[in-house]
Amino acid sequence: MLIALFAGDGIGPEIVAQAKRVLDAMAIPGLTYEAGLVGGAAYKAVGHPLPPETLDLARRADAILFGAVGDPDCDSLERHLRPEQAILGLRKELGLFSNLRPAKVFPELADASALKKEVASAIDLLIVRETNGDVYFGEKGMRKTPEGLREGYDIMSYNEEQVRKIAHQGFQAARARRGKLCSVDKANVLETSQLWRDVVIEVSADYPDVALSHMYVDNAAMQLVRNPGQFDVIVTGNMFGDILSDQASMCVGSIGMLASATLNDSNQGLYEPIHGSAPDIAGQGKANPLATVLSAGMMLRYSLGMPQQADRIEAAVASALANGARSFDLGGTMSTIEMGDAVLAALN
Ligand code: IPM
Ligand code: MG
């Protein structure tokens, strides 16, 4: 099975290197790797954030292990050349629409949460975020108002097919967990959200065993801090899911801990930490590789059909933490490589 390694920008190469070390140490038969250029690194090397060779490799691969994209050097490029277009382009071109972002507190890290320990300890939720539509992919541009003012615009839309597909993902995930699904929208203001809510309710007829609730996104942001333990699975659109998943990461302790999977209809997947390229700490050995290591675990589970190997990675991360491994974001002093060492030691 072929795994594409797209390290990308900033801390991307450092964290992907540690995840690769962990995979290598597990000596899983039949895995092969090919590296490709994405993001600002690709732009600087060949003039495009998602070069054709990279896209081709992505299509051939069974799974993609992705670091991060984003580079301040590229901030003034035209939008279609910016690093972020690599991840957006991969999601779109490969039909990767179902972004799974689990957030669960490791008991050892409850103190690192921005929330009170007893509130944080109850967190065990999964955000199912749609990633092929919404305001991310609508028509966008700059124009002038009749008065001559500059105006930026981005059209938000979802069609019923897109909502139906992600709703099924949400219900199925809830069914495999604690049977609760909360659909997050802004139906009190947005037509896009009204359609979203209507379709989610239609789909719910197929899942009488799942308890469905609806929440406006502003309330959901508040509830995530007030009482995050109430959530099992949250299903939401691209934009709201982007925001809520960053928020959820701080609720569990650190954004350096949250892994994600983005799947298409054939369970081909892209696996990445939810954090970005963190250019401020790039190259300093300060990044926490655990979100990427856990993403590699999700890859083994969802795209490669190796649940025992996935369990093994998760157990190694948990025991590394239990043994006191702490990177800077977790209030410790261990380097990226030392965190990798700690996971390797726990594997064996
Ligand atoms: C994420 C990131 C991306 C997004 C950026 C890098 C385009 O924030 O995966 O959450 O907004 O989806
Ligand atoms: Mg984000």
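Note that ligands are numbered from 1 as they come in the structure, with each ligand's atoms numbered from 1 the same way. Not measured: the values here are computed from a predicted model.
For atom 1 (C) of ligand 1, the closest non-hydrogen atom of the protein is Arg101 NH2, 3.4 Å. The protein heavy atom nearest to atom 6 (C) of ligand 1 is Glu84 CG, 3.9 Å. Residue, atom and distance of the protein heavy atom nearest to atom 8 (O) of ligand 1 are Asp242 OD1, 3.2 Å.
Residues that satisfy the side-chain hydrogen bond (donor to acceptor under 3.5 Å, both in side chains) test with Glu130, not counting sequence neighbours, are Tyr158. With sequence neighbours excluded, the residues that form a side-chain hydrogen bond (donor to acceptor under 3.5 Å, both in side chains) with Gln268 are Asn264.
Note on Lys186 versus Glu191: no salt bridge recorded, every NZ/NE/NH1/NH2 to OD/OE distance being 4.0 Å or above. Look at Glu272 and Arg91 and you find a salt bridge, because one of the NZ, NE, NH1 or NH2 atoms lies within 4.0 Å of a carboxylate O, short of that distance.
For ligand 1, the atoms closer than 4.0 angstrom to any heavy atom of Arg91 are 1 (C), 4 (C), 9 (O), 12 (O). Listed by atom number, the atoms of ligand 1 under 4.0 Å from Arg129 heavy atoms are 1 (C), 4 (C), 9 (O), 10 (O), 11 (O), 12 (O).
Val16 has its side chain within reach of Thr292: a pair of non-hydrogen atoms, C-beta onward, lies under 4.5 Å apart.
Inclusion of Tyr136 in the set of residues having an N or O under 3.5 Å from an N or O of ligand 1 is warranted.
Put simply, the residue from Leu90, Leu50, Val38 that forms a side-chain contact (heavy atoms from CB on, under 4.5 Å) with Val69 is Val38.
Residue pairs meeting the side chain to side chain donor-acceptor pair (under 3.5 Å) criterion with at least one partner in residues 15-40, sequence neighbours excluded, are Gln18-Arg21, Lys20-Asp24, Arg21-Asp341, Glu34-Arg60.
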Original post:
Hey, mind stepping through Glu93 and Arg59 against salt bridge (Lys or Arg N to Asp or Glu O under 4.0 Å) and telling me if it holds?
Top reply: CA-CA 9 Å; Glu93 292 293 328; Arg59 289 190 205 282; 3.2 Å; yes
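Note on Leu37 and Ile64: separate hydrophobic clusters, where clusters join Ile, Leu, Val, Met, Phe, Trp and Tyr whose side-chain heavy atoms are under 4.5 Å apart, directly or indirectly.
Note on the Mg ion (ligand 2): protein N/O/S atoms under 2.8 Å are Asp242 OD1.
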